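Keep in mind that what you see is a predicted model, and the values were worked out from it rather than measured.
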Amino acid sequence: MGEPTAKTVNDRTATPTHSAGATLPDGATGVARTEPRHTLLGRLRTPRRPRLWFEILLIGVSYWLYSLVRNAVPEQERVALRHASSVWSFEGHLGLDIERSVNHSVNSVTWLIVGMNYYYATLHFVITIGVLVWLYRAHPGRYGAARLVLFVTTAIALVGFYLYPLAPPRLMTGGDFIDTVQVHHTWGSMASGNLAHVSNQYAAMPSMHIGWSLWCGITIATLATPLWAKILGGLYPLFTLSVIISTGNHFWLDAFGGIACLAVGYGVAYLIYGRWIYRLPRQPVNRTVAPGASDPRTA
């Protein structure tokens with residue numbers, strides 16, 4: 001009747017082994033699957049190469065919505081001024097109400113304060129966009145996660161603008177602050193002068209100048225290779241902090257609000273991607289790599 005397909009050893013049935021030339025049924029490999037299942041979370045955590053047209057459209061639409069929502073928040077001047085007095089009083093109780101002294105001291109150096117006015121009006125956007133472009137080109141595998149952090153941070157800030165309207169120090173009643181843009185007739189600031197009517201003057205808390213600059217600084221200091229770039233990345237949010245205080249546009253507590261928003265942004269990204277976003281692969285996952293072949297990605 002032929003050789004039995006299984007042997008009994010000590011009353012136990014042994015599973016027959018296949019010889020090297022045996023043919024396995026279709027779909028059988030003899031090896032347990034190690035590939036991750038295609039779950040929604042798995043797809044979210046898989047870095048993909050960003051598409052240029054989509055990113056330009058997304059950033060453009062997002063900034064338009066940000067400006068629309070930010071400027072649509074009721075300006076509530078009386079409430080915003082009352083909140084400013086409360087913040088100033090709280091800082092005074094802590095003995096850390098330094099903004100006015102810094103504002104007056106730096107304003108006495110014309111070339112310095114004029115430079116800071118232009119810094120405040122331009123670099124906030126220029127450097128943030130520059131870092132996004134750099135990530136897109138040099139770190140496409142990390143771009144999507146880093147962009148998510150920035151978007152979540154900004155979305156939370158919009159909630160803050162709505163729930164806690166706050167006048168900047170330069171507009172505070174009885175604060176004796178100097179509006180450096182008005183005094184030096186600096187061009188370009190959306191917060192003072194002729195362009196003030198297109199921007200909500202009472203959306204100072206949290207400070208997105210700090211939230212965005214800290215995001216840029218962390219990204220550059222973490223991912224850049226040259227030491228000088230890492231140093232500049234680390235100094236950038238500190239420069240920005242000195243600028244927003246010197247120009248009378250923010251209290252230092254506004255900066256803490258921006259830092260808190262950014263922390264939530266990084267937390268959301270960590271929950272989605274399951275790791276510190278800058279430890280994601282530098283290049284997107286190559287789905288065409290054969291099993292056992294080397295993966296060309298660099299960490």
| Working for side-chain contact (heavy atoms from CB on, under 4.5 Å), residues Leu166 and Asp254 | CA-CA 9 Å; Leu166 178 67; Asp254 301 343; 3.1 Å; yes

Quick one: do [X] and [Y] end up in the same hydrophobic cluster if we chain Ile, Leu, Val, Met, Phe, Trp and Tyr together by side-chain heavy atoms under 4.5 Å apart?
X	Y	value
Trp111	Val106	yes
Met205	Ile156	yes
Met172	Val79	no
Ile98	Ile178	no
Tyr120	Val102	yes

[Y] side chain reached by [X] side chain, heavy atoms, under 4.5 Å:
X	Y	answer
Val109	Ile113	no
Leu150	Thr128	yes
Ile244	Ile210	yes
Ser213	His124	no
Leu262	Ile218	yes
Val131	Ile220	yes
Leu148	Tyr273	yes
Thr186	Tyr118	yes

List the residues meeting side chain to side chain donor-acceptor pair (under 3.5 Å) with [X], not counting sequence neighbours, and say none if there are none.
X	answer
His104	none
Thr240	Tyr119
Ser246	none
Ser207	none

Please report the shortest heavy-atom distance between [X] and [Y], naming the atom on each side.
X	Y	answer
Ile277	Ala146	CD1-CA, 3.6 Å
Thr153	Gly265	OG1-CA, 4.0 Å
Asn103	Gly248	ND2-N, 3.8 Å
Ala221	Gly234	CB-N, 4.4 Å
Pro168	Tyr202	CD-CD2, 4.5 Å
Glu99	Phe177	C-CE2, 3.5 Å

Within this structure, what is the [atom1]-[atom2] distance for the pair [X] and [Y], rounded to the nearest 0.5 Å?
X	Y	atom1	atom2	result
Ile245	Ser101	CD1	OG	11.5 Å
Leu280	Arg275	CG	CZ	5.0 Å
Leu235	Ile231	CG	CD1	7.5 Å

| query | What residues, two or more places apart in sequence or in another chain, satisfy ring-ring contact (aromatic ring centres under 6.0 Å, His included) together with Tyr164? | reply |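 Tyr164: ring-ring contact (aromatic ring centres under 6.0 Å, His included) contacts with His83.
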
| task | Go through the structure and list residues passing ring-ring contact (aromatic ring centres under 6.0 Å, His included) with Trp134, not counting sequence neighbours. | result | His139

Distance-only side-chain donor-acceptor flag, [X] / [Y], under 3.5 Å:
X	Y	answer
Thr219	Tyr278	yes
Thr180	Asn117	yes
Thr222	Trp276	no
His184	Asn107	yes
Gln201	Arg170	yes

Partner set under side-chain contact (heavy atoms from CB on, under 4.5 Å) for [X], not counting sequence neighbours:
X	answer
Ser242	Met116
Pro206	Ala157, Phe161, Met208, Cys261
Ile129	Val133

| request: Mind jotting down which residue pairs meet the ring pair (Phe, Tyr, Trp, His ring centres under 6.0 Å) criterion with at least one end in residues 220-255? Sequence neighbours excluded, please. | output: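 Counting only pairs at least two positions apart or across chains, the ring pair (Phe, Tyr, Trp, His ring centres under 6.0 Å) contacts touching residues 220-255 are Trp252-Phe256.
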
| query | Mind checking whether Tyr266 and Trp215 have ring centres under 6.0 Å apart? | reply | no

| Which is it for Thr247 and Val181 under the side-chain contact (heavy atoms from CB on, under 4.5 Å) test, yes or no, and what are the steps along the way? | CA-CA 8 Å; Thr247 56; Val181 170; over 6 Å; no

Side chain [X], main chain [Y], donor-acceptor under 3.5 Å:
X	Y	result
Arg142	Arg279	no
Lys230	Ala224	yes
Arg100	Asp176	no

